[in-house]
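Below is one structure, written out as structure tokens; the observations come after it.
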Amino acid sequence: MAQEVDNGPAAENAPTKPLVFSALKPQICVSAAKANDAIAFYKAAFCAEELKRAVHPKRKAEQDIPLVLSCELQIGGSVFIVCDKTEECAAENIGFTFCLETEDVEAAVSHALKAGAVVESEISEDESGRSGKVKDPFGNIWTVCSASSQSSDAPVA
């Protein structure tokens, strides 16, 4: 049975045509000096694929390694952005939490640890599957879990 949800005042704020979004891309903000290190870490730890990169236009010619403005990375079917920390970014060291699904939790956690992550919580198992948490060198938490631990046949209350 469908349940109606009140999403707030509709009439005065409703767009004239429906809004369509093509993607949701979380951002990980790191200091500009560490952006290249963060990108390398996500590639090494989670086999991220670099999709595109933008560098600071004024800093490009001045440095051997240009400072990253933003870099779009893909893990599995998901895309996220590593960007330099600006005033708009969250406060220092706030971090984010991400969930990665895999069939081999142990191997994924081990791979991340070799790349520089630290254990946040040991791998454990419950009725929904196996999972463990690592913290990357930039303060973000990565929950690595078996695909079954993120899906459930139980009804939503």
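Starting from 1, each residue takes its place in the sequence as its number. Note that this is a predicted model, so its numbers are computed, not measured.
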Derivation and outcome, side chain to side chain contact (heavy atoms under 4.5 Å, CB included), residues Leu69 and Asp84: CA-CA 6 Å; Leu69 184 59; Asp84 71 343; 4.0 Å; yes

Heavy-atom closest pair, residues Gly132 and Val105: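 That would be N-CG1, 4.3 Å.
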
Heavy-atom closest pair, residues Leu73 and Glu50: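 Looks like CD2-CA, 3.6 Å.
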
Aromatic plane relationship, Phe80 with Phe98 - under 30° parallel, 30 to 60° tilted, over 60° perpendicular: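 If you compare the ring of Phe98 with that of Phe80, the planes turn out tilted.
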
Val82 vs Val68, side chain to side chain contact (heavy atoms under 4.5 Å, CB included): CA-CA, chis, key distance, verdict: CA-CA 9 Å; Val82 175; Val68 173; 5.8 Å; no

Intermediate values then yes/no, side chain to side chain contact (heavy atoms under 4.5 Å, CB included), Val109 and Glu122: CA-CA 9 Å; Val109 167; Glu122 297 291 332; over 6 Å; no

Sub-4.5 Å side-chain heavy-atom contact between Gln74 and Ser78: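 Heavy-atom side-chain distance check fails, nothing below 4.5 Å.
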
Donor-acceptor pair between Tyr42 and Asn140 side chains, under 3.5 angstrom: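 Yes, side-chain donor-acceptor contact under 3.5 Å.
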
To the nearest 0.5 Å, how far apart are [atom1] in [X] and [atom2] in [Y]?
{"X": "Ile123", "Y": "Lys133", "atom1": "CD1", "atom2": "NZ", "answer": "13.5 Å"}
{"X": "Asp136", "Y": "Asp37", "atom1": "CG", "atom2": "CG", "answer": "11.5 Å"}
{"X": "Asn36", "Y": "Cys71", "atom1": "CG", "atom2": "SG", "answer": "8.5 Å"}
{"X": "Ser70", "Y": "Ile28", "atom1": "OG", "atom2": "CD1", "answer": "13.0 Å"}
{"X": "Leu100", "Y": "Cys145", "atom1": "CG", "atom2": "SG", "answer": "8.0 Å"}

Short side-chain to backbone donor-acceptor contact, His111 and Ala44, under 3.5 Å: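 A pair under 3.5 Å: yes.
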
N/O donor-acceptor pair under 3.5 Å between Ser146 side chain and Arg130 backbone: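 Looks like yes, one N/O pair under 3.5 Å.
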
Residues Ile81, Gln27; criterion side chain to side chain contact (heavy atoms under 4.5 Å, CB included); working and verdict: CA-CA 5 Å; Ile81 299 167; Gln27 284 186 271; 4.0 Å; yes

Salt-bridge present (Glu72, Lys25; N to O < 4.0 Å):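 Result for this pair is yes, salt bridge flagged.
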
Phe138 with Val119, same ILVMFWY side-chain cluster at under 4.5 Å: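 Yes, because Phe138 and Val119 connect within a single hydrophobic cluster, where side-chain heavy atoms sit under 4.5 Å apart.
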
Cluster overlap Ile75 with Val144, hydrophobic side-chain contacts below 4.5 Å: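 Both belong to a single hydrophobic cluster.
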
Non-neighbouring partners of Val118 that pass side chain to side chain contact (heavy atoms under 4.5 Å, CB included), sequence neighbours left out: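 Val118: side chain to side chain contact (heavy atoms under 4.5 Å, CB included) contacts with Lys135.
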
